[in-house]
Novice: 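For reference, the structure I am asking about is given below.
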Amino acid sequence: MSRTLAEWLAYQERVNVHSIELGLERVREVWSRMGAPAPARQVITVAGTNGKGSTVALLEAMLRAAGHRVGAFTSPHLLAYNERVRIDGADADDAALIASFERIEAARGSVPLTYFEFGTLAALDLFARAELDVAVLEVGLGGRLDAVNIIDADAAVITTVDLDHMDWLGPDRDSIGREKAGIARARRPAIVGELDPPAGLLAALDACGARVERAGIDFSVERHADGWRWRHRDGSAMELPDPALSAPVQYANAAAAIAALHALGDERLTPSAFFAAISVGLHEVRVPARLQLISGEIPIMVDVGHNPQAARALAEWLDAQPETAVRAVYGALADKDAAGVIAALGDRVDHWHLAGLERDSPRGMSVDALGIILRQTLPQASCTAHADVAAALQAARAAAKAGDCILAFGSFFVATAVLAEHAAMAGGVDAG
């Protein structure tokens, strides 16, 4: 009897005792047994501490606007597992995922796979069957030993490098950067999206022989009142509309995405058609829970920022908004730098509604532990403790006054709870 999608996912969580098990040997072996078909005519792989999901969405939107048939693989999901695999703009349906999982299970034999590796292979399998022009793959963790790296990318994008997943990737930005550089290939474009990348990243890219293009050196962003200019050292330049995504950091993500497409080239498109596709993609791109506004009497801004670098980007966004009281609904996983996140936002938050996440994940931080970190980091902070995200959000709504803003952030589990409640109340999710 065939399993449902939910049953397959539960099985995948049980079949390997390790939720994370970096290494390519097992997943490469299974992919080889499946024939190792090319997932698309071209592949772009995106790694980075922050900005991966937004950059994948930007690339997807720009490529589709250019007339390409595109597949996108991202993780984690928010409301449904199907979100992880998109083909031509649509999430994979249950039947397609189940059929792919059945093929993977038949091929793997006794080879153990993690939950993420099952999902990666399913995406590659479905992409290979979809006759795609381009597949855009988001790295789950690191780069060099992540499952998506069994595919040789035609172009690699590394958005940012900061301190996260240090137990797996190393104790500093140099070590982490070297791991992320592992997605690059010799003589192929490697786009570095941040202005001050660690030396370890640049050294590793140089050692592998990639064609490195760096933000601020090979391409640049010039913002002005009516939009922004993307400029390349070869003389190419475009006057572009602001990205539909709200945060200031999205200009850097968009610039890196454009640099990747520019480096790959597209003989079918004239310069004017390329510019038009970029402009349409910037206008149409949508990514849930990246400064996603849920409108209402008290607006709620939802973001998956969960590390200090992401929190600094949130702080930059708050600084650019009209002055208002901010109530933060915040929950964190136990392996995240909650103190660094709290310090980055500082007194921009008027009241913290702390949420426990231990019911959501074995890695979830209790509200008591989170409260200790808040008091140690911001001794004068105003805060209340809540058992879960739903309770924290309810309290924030009850305490907020007209003109206040609720910022719900810190973990995908926070975003999922807020968006699920909104979907239940409104009959759908507003990703605007």
Side-chain angles (χ1 to χ4, degrees), residues 42-63 66 68 134-139 142-144 148-149 151-162 173-174 176-223 228-240 243 249-267 269 271 274-275 277-279 281-282 285:
Q42 281 189 323
V43 175
I44 303 172
T45 300
V46 182
T49 303
N50 293 300
K52 298 188 299 291
S54 297
T55 302
V56 169
L58 285 157
L59 284 163
E60 181 186 18
M62 293 170 185
L63 286 161
H68 292 293
V134 186
V136 187
L137 309 177
E138 178 185 348
V139 168
R144 182 176 63 92
V148 303
N149 204 33
I151 303 299
D152 292 328
D154 295 281
V157 180
I158 299 163
T159 56
T160 61
V161 179
D162 204 49
R173 290 182 74 226
D174 282 334
I176 295 170
R178 281 189 286 270
E179 289 297 316
K180 296 185 186 301
I183 66 169
R185 297 295 188 267
R187 297 177 296 281
R188 297 183 183 181
I191 311 303
V192 178
E194 67 176 316
L195 295 175
D196 185 26
L201 169 66
L202 299 178
L205 291 174
D206 181 64
C208 82
R211 289 166 40 206
V212 178
E213 295 200 8
R214 290 179 55 183
I217 294 176
D218 300 290
F219 62 94
S220 62
V221 171
E222 301 168 13
R223 295 179 60 181
W228 63 295
R229 173 185 286 260
W230 182 88
R231 186 190 298 274
H232 195 273
R233 58 175 167 74
D234 68 4
S236 303
M238 289 181 283
E239 293 288 343
L240 295 165
V249 72
Q250 297 296 353
Y251 291 90
N253 293 333
I258 296 168
L261 299 182
H262 177 79
L264 286 173
D266 190 335
E267 295 179 352
L269 298 181
F274 181 72
F275 163 75
I278 298 301
S279 298
L282 287 168
V285 64

Novice: Quick one: does N253's side chain have a donor or acceptor within less than 3.5 Å of a partner on T159's backbone?
Specialist: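 Pair absent, no side-chain N/O of N253 close to backbone of T159.
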Novice: Contact between D152 and R188 at the side-chain level, heavy atoms closer than 4.5 Å - yes or no?
Specialist: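 Yes. Closest side-chain heavy atoms under 4.5 Å.
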Novice: Is there a side-chain contact between V46 and V136 in this structure, where contact means two heavy atoms from C-beta onward sitting under 4.5 Å apart?
Specialist: yes
Novice: Taking all non-hydrogen atoms of both residues into account, name the closest pair between N149 and G182 and its distance.
Specialist: ND2-O, 3.1 Å
Novice: Where do A256 and I191 come nearest, in terms of heavy atoms and distance?
Specialist: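 Minimum heavy-atom separation between A256 and I191: O-CG2, 3.7 Å.
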Novice: Return yes if a side-chain donor-acceptor contact under 3.5 Å exists between D162 and T160, otherwise no.
Specialist: no
Novice: Considering non-hydrogen atoms only, spot the tightest contact between R229 and A237 and give its length.
Specialist: NH1-CB, 3.4 Å
Novice: Taking all heavy atoms of E138 and all of V56, pick out the closest pair and write down the distance.
Specialist: CB-CG2, 3.9 Å
Novice: Whether the Q42 and H68 side chains hold a donor-acceptor pair (N or O, under 3.5 Å, no angle test) is what I'd like checked.
Specialist: no
Novice: Looking only at the side chains, is there a donor atom on one of Q250 and S54 sitting less than 3.5 Å from an acceptor on the other?
Specialist: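 Their side chains do contain a donor-acceptor pair, which is all the 3.5 Å distance test asks for.
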Novice: In Å, rounded to the nearest 0.5 Å, how long is the span from CZ of R144 to CD of E179?
Specialist: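 If I round to the nearest 0.5 Å, the distance is 4.0 Å.
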Novice: Which label fits W228 and Y251: parallel for a plane angle under 30°, tilted from 30 to 60°, or perpendicular past 60°?
Specialist: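 Taking Y251 first and then W228, their aromatic rings stand perpendicular (interplane angle over 60°).
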Novice: Could you check whether R231 pairs with E239 (Lys NZ or Arg NE/NH1/NH2 to Asp/Glu carboxylate O, under 4.0 Å)?
Specialist: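 No.
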Novice: To the nearest 0.5 Å, what is the distance between NZ (K52) and CG (L137)?
Specialist: 13.5 Å
Novice: Is there a side-chain contact (heavy atoms from CB on, under 4.5 Å) between V43 and V134? Walk through the geometry before answering.
Specialist: CA-CA 6 Å; V43 175; V134 186; over 6 Å; no
Novice: Is there a donor-acceptor pair closer than 3.5 Å between any side-chain N or O of S236 and the backbone N or O of H232?
Specialist: no
Novice: Given side chains that start at C-beta, do those of V192 and V212 come closer than 4.5 Å, heavy atoms only?
Specialist: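 Yes. Closest side-chain heavy atoms under 4.5 Å.
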Novice: Closest heavy-atom contact between A190 and A184?
Specialist: CB-CB, 4.0 Å
Novice: Contact between I278 and L261 at the side-chain level, heavy atoms closer than 4.5 Å - yes or no?
Specialist: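 They are in contact (side-chain heavy atoms under 4.5 Å apart), so the answer is yes.
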Novice: Are side-chain heavy atoms of L264 and I44 found at a separation under 4.5 Å?
Specialist: yes
Novice: Report yes or no: does D218 contribute a side-chain atom to a donor-acceptor pair with the main-chain N or O of R214 at less than 3.5 Å?
Specialist: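 Here the side-chain-to-backbone pair exists.
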Novice: Under the 3.5 angstrom rule, does the side chain of S220 hit a backbone N or O of G216 as a donor-acceptor pair?
Specialist: no
Novice: So do the side chains of T55 and L59 get within less than 4.5 Å of each other, counting heavy atoms only?
Specialist: yes
Novice: If we only count heavy atoms from C-beta on, is the I158 to L205 side-chain gap below 4.5 Å?
Specialist: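 The answer is yes; the side chains approach within 4.5 Å.
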Novice: So, R185 side chain and A155 main chain: donor-acceptor pair closer than 3.5 Å or not?
Specialist: no
Novice: Just wondering, do L282 and M62 contact through their side chains at under 4.5 Å, heavy atoms?
Specialist: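 Yes, side chains in contact.
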Novice: Evaluate side-chain contact (heavy atoms from CB on, under 4.5 Å) for I258 paired with M238, printing each intermediate quantity in order.
Specialist: CA-CA 10 Å; I258 296 168; M238 289 181 283; 3.6 Å; yes
Novice: So which heavy atom on A181 is nearest to which on A204, and how close?
Specialist: CB-CB, 3.5 Å
Novice: Determine yes or no for a side-chain-to-main-chain donor-acceptor pair under 3.5 angstrom, with D174 supplying the side chain and P198 the backbone.
Specialist: no
Novice: I'd like to know if the side chain of W230 reaches the main chain of V221, judged simply by a donor and an acceptor atom lying under 3.5 Å from each other, with no hydrogens or angles considered.
Specialist: no
